Every structure is written in structure tokens, then in C-alpha cells.
Asker: 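Sharing a structure here in C-alpha cells format.
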Amino acid sequence: MREDVDRIVIREHELAERVTAMAREIAAGYPDSAEGITIVTVLAGSLVFLSDLIRRLPLKMRIGLITVSSYAGRTTLSNGAALASSFLPDLRNRHVLIVDDILETGGTLRLVQSQIRAAGPRSVKTAVLLRKTAKAPTDLPVEFIGFDIEDLFVVGYGLDYDGLYRNLPYIAVLRPELYRTGAEP
Ligand code: 5GP
Ligand code: MG
């Protein structure tokens with residue numbers, strides 16, 4: 001697996017340090033936390049980030065899961081986001097924190113945020129591990145951002161290519177010949 005990695009973009013210790021700091025920022029965003037929060041996480045790319053983040057968050061929390069399809073299969077091109085399935089606790093009057101892996105065009109988070117808002121929560125905030133600065137829209141509210149990265153297709157720390165590489169402990173780009181763009185026949 002590691003022989004497929006061309007370059008490490010964010011190292012393990014950098015991820016650990018930033019996720020710890022993000023947890024502090026998020027906790028500070030809920031000073032009145034007696035009732036706790038409800039995290040809604042977008043599967044499956046956010047799994048590793050979520051598991052590291054929640055263990056550093058000293059808040060009461062419930063966790064809901066949502067699946068959105070945007071990159072299907074062996075392509076690095078976005079196909080537009082569509083809600084696939086969700087396992088959510090009741091969100092009415094709850095403080096909801098959406099957790100996603102990466103913000104690119106914003107299609108995924110726009111969809112998820114509107115679904116969550118429709119459920120009548122008390123508040124909605126969003127945390128993403130990565131943001132591709134070149135493509136990210138400026139009108140989408142995202143309160144917590146881990147790292148700004150270049151416009152590269154990255155894998156590892158939960159992020160996949162064709163279902164693989166989620167278990168790499170760092171964020172990396174693969175050797176270019178391994179990527180097939182969706183534009184090819
Ligand atoms: P958006 O809807 O913001 O354009 O794309 C966001 C979603 O596309 C992310 O939640 C993620 O699932 C996927 N995505 C975007 N960029 C990358 C990337 O560089 N690597 C991987 N593995 N997935 C990405
Ligand atoms: Mg995603």
C-alpha cells in the first residue's frame with residue numbers, strides 16, 4: 001500500500017496536533033454545554049477524523065451518521081452530491097455539529113446542512129478536516145477548519161481512492177499513474 005504513495009501532504013503528528021486544537025476550538029464554541037451536542041458525521045471519509053476528534057471533546061454527545069454519494073468508484077471527479085442514507089437521532093432543538101472530511105466545491109455540505117436545518121435544530125455548526133481553498137465557496141458557513149490544502153486528490157486518514165487507502169495514518173497523494181480521471185473512457 002505505502003509503495004503507492006507519491007508524497008505525504010500532512011504527517012501523523014501534524015494531524016494529531018491540529019485535531020487536538022480543533023477539539024479545543026469546538027469545545028469553546030459550546031460554553032453552555034450541559035445538554036451536550038449532536039454530531040452528524042458524513043460517512044465514510046470522516047470516520048478516522050471523527051474517532052480522533054470525539055475522544056478529545058469533553059462534551060456530552062450523541063452521534064448520527066449520514067451517507068452522501070459524490071465520488072463514485074474509480075474517479076477523482078465530483079458527480080454532484082446526493083443523500084444516500086442516514087441514521088440520525090432526533091435533531092429538534094439540539095445543538096448539531098456536522099463533521100466532514102473535506103470541503104471541495106461545497107455540494108456535499110450544502111446538501112447536508114439543508115437536511116439538518118429542516119429537522120429543526122437549535123443550532124448548526126460545521127467542522128471539516130480539510131478545505132481545498134481553490135474550489136471552496138465563500139458563502140457556505142464552516143466554523144471549524146483543520147487545514148487548507150492545494151487542489152490535489154488526497155487519500156488517507158479516512159479518505160479513499162476507489163475504496164482503498166483509508167487506513168493510511170497520514171494524508172497523502174498517490175503516484176499519478178494510479179489515478180484515472182472520470183473523463184477517460
Ligand atoms: P464537495 O461536495 O465539497 O465538492 O466534495 C466533498 C466530498 O468529495 C468530500 O466529502 C469527499 O468525500 C470527496 N472529496 C473531495 N475531495 C477529495 C479528495 O481530495 N480526496 C478524497 N478521497 N475525497 C475527496
Ligand atoms: Mg465525503
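Predicted model only: the values in this text are computed from it and were never measured. Residue indices begin at 1 and follow the sequence shown. All ligand and atom numbering here is 1-based and tracks the order in the structure.
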Asker: Answer with side chain, backbone, both or neither: which part of L152 has a heavy atom less than 4.0 angstrom from an atom of ligand 1?
Answerer: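 The answer is the backbone of L152.
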
Asker: Can you see whether T38 engages R62 through a side-chain donor-acceptor pair at a distance of less than 3.5 angstrom?
Answerer: no

Asker: Numbering the atoms of ligand 1 from 1, which are under 4.0 Å from a heavy atom of D100?
Answerer: 10 (O)

Asker: What atoms of ligand 1 come within less than 4.0 Å of a heavy atom belonging to D160?
Answerer: 21 (C), 22 (N)

Asker: Nearest non-hydrogen contact with atom 18 (C) of ligand 1 belongs to which option: Y157, F153, Y165?
Answerer: F153

Asker: Between Y179 and F153, what is the ring plane arrangement, given parallel below 30°, perpendicular above 60°, and tilted in between?
Answerer: perpendicular

Asker: Report yes or no: does a heavy atom of G106 sit under 4.0 Å from some atom of ligand 1?
Answerer: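 A heavy atom of G106 does come that close to ligand 1.
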
Asker: Using a 3.5 Å cut-off on N or O atoms only, is V154 in polar contact with ligand 1?
Answerer: yes

Asker: If you draw a 6.0 Å radius around CD in E150, do more than 12 non-hydrogen atoms from other residues or ligands fall strictly inside?
Answerer: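 Counting other residues, nucleotides and ligands, CD of E150 stays at 12 neighbours or fewer.
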
Asker: Just which atoms of ligand 1 are under 4.0 Å from any heavy atom in K132?
Answerer: 16 (N), 17 (C), 18 (C), 19 (O)

Asker: Would you check if L97 and M61 make a side-chain contact, meaning some heavy-atom pair closer than 4.5 Å?
Answerer: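 SC-SC contact between L97 and M61 ruled out.
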
Asker: Relative to atom 11 (C) of ligand 1, which among V9, V68, I102 owns the nearest non-hydrogen atom?
Answerer: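 The nearest heavy atom belongs to I102.
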
Asker: Which one holds for L109 and ligand 1: side chain close, backbone close, both close, or neither close, with close meaning a heavy atom under 4.0 Å?
Answerer: neither

Asker: Does the pair R110 and D139 meet the rule for a salt bridge (Lys or Arg N to Asp or Glu O under 4.0 Å), with working shown?
Answerer: CA-CA 10 Å; R110 224 180 275 282; D139 65 330; 3.4 Å; yes

Asker: Can you confirm, on distance only, whether ligand 1 has an N/O atom lying under 3.5 Å from any N/O atom belonging to T108?
Answerer: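 The answer is yes, given that T108 and ligand 1 share an N or O pair closer than 3.5 Å.
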
Asker: Side chain to side chain contact (heavy atoms under 4.5 Å, CB included) for I98 and Q115? Distances and angles first, verdict last.
Answerer: CA-CA 11 Å; I98 299 169; Q115 289 282 324; over 6 Å; no

Asker: Using only atom types and a distance under 3.5 Å, with no angle test, would you say the side chain of K125 pairs donor to acceptor with the backbone of Y30?
Answerer: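 Answer holds: no.
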
Asker: At a 4.0 Å threshold, what atoms of ligand 1 neighbour a non-hydrogen atom of L159?
Answerer: 21 (C), 22 (N), 23 (N)

Asker: Would you call V155 a ligand 1 contact, heavy-atom distance under 4.0 Å?
Answerer: no

Asker: Could you tell me whether ligand 1 has any atom less than 4.0 Å away from a heavy atom of K135?
Answerer: no

Asker: Looking at Q113 and T126, would you say the former's side chain and the latter's main chain have a donor-acceptor pair under 3.5 Å?
Answerer: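 No, because the side chain of Q113 does not come within donor-acceptor range (under 3.5 Å) of the backbone of T126.
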
Asker: Output the list of atoms in ligand 1 that are nearer than 4.0 Å to some heavy atom of G107, sorted by atom number.
Answerer: 1 (P), 2 (O), 3 (O)

Asker: Taking I39's backbone N and O only, do any of them form a donor-acceptor pair with R94's side chain (distance below 3.5 Å, no angle check)?
Answerer: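 No, the answer is negative, given that no donor and acceptor are paired below the 3.5 Å cut-off.
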
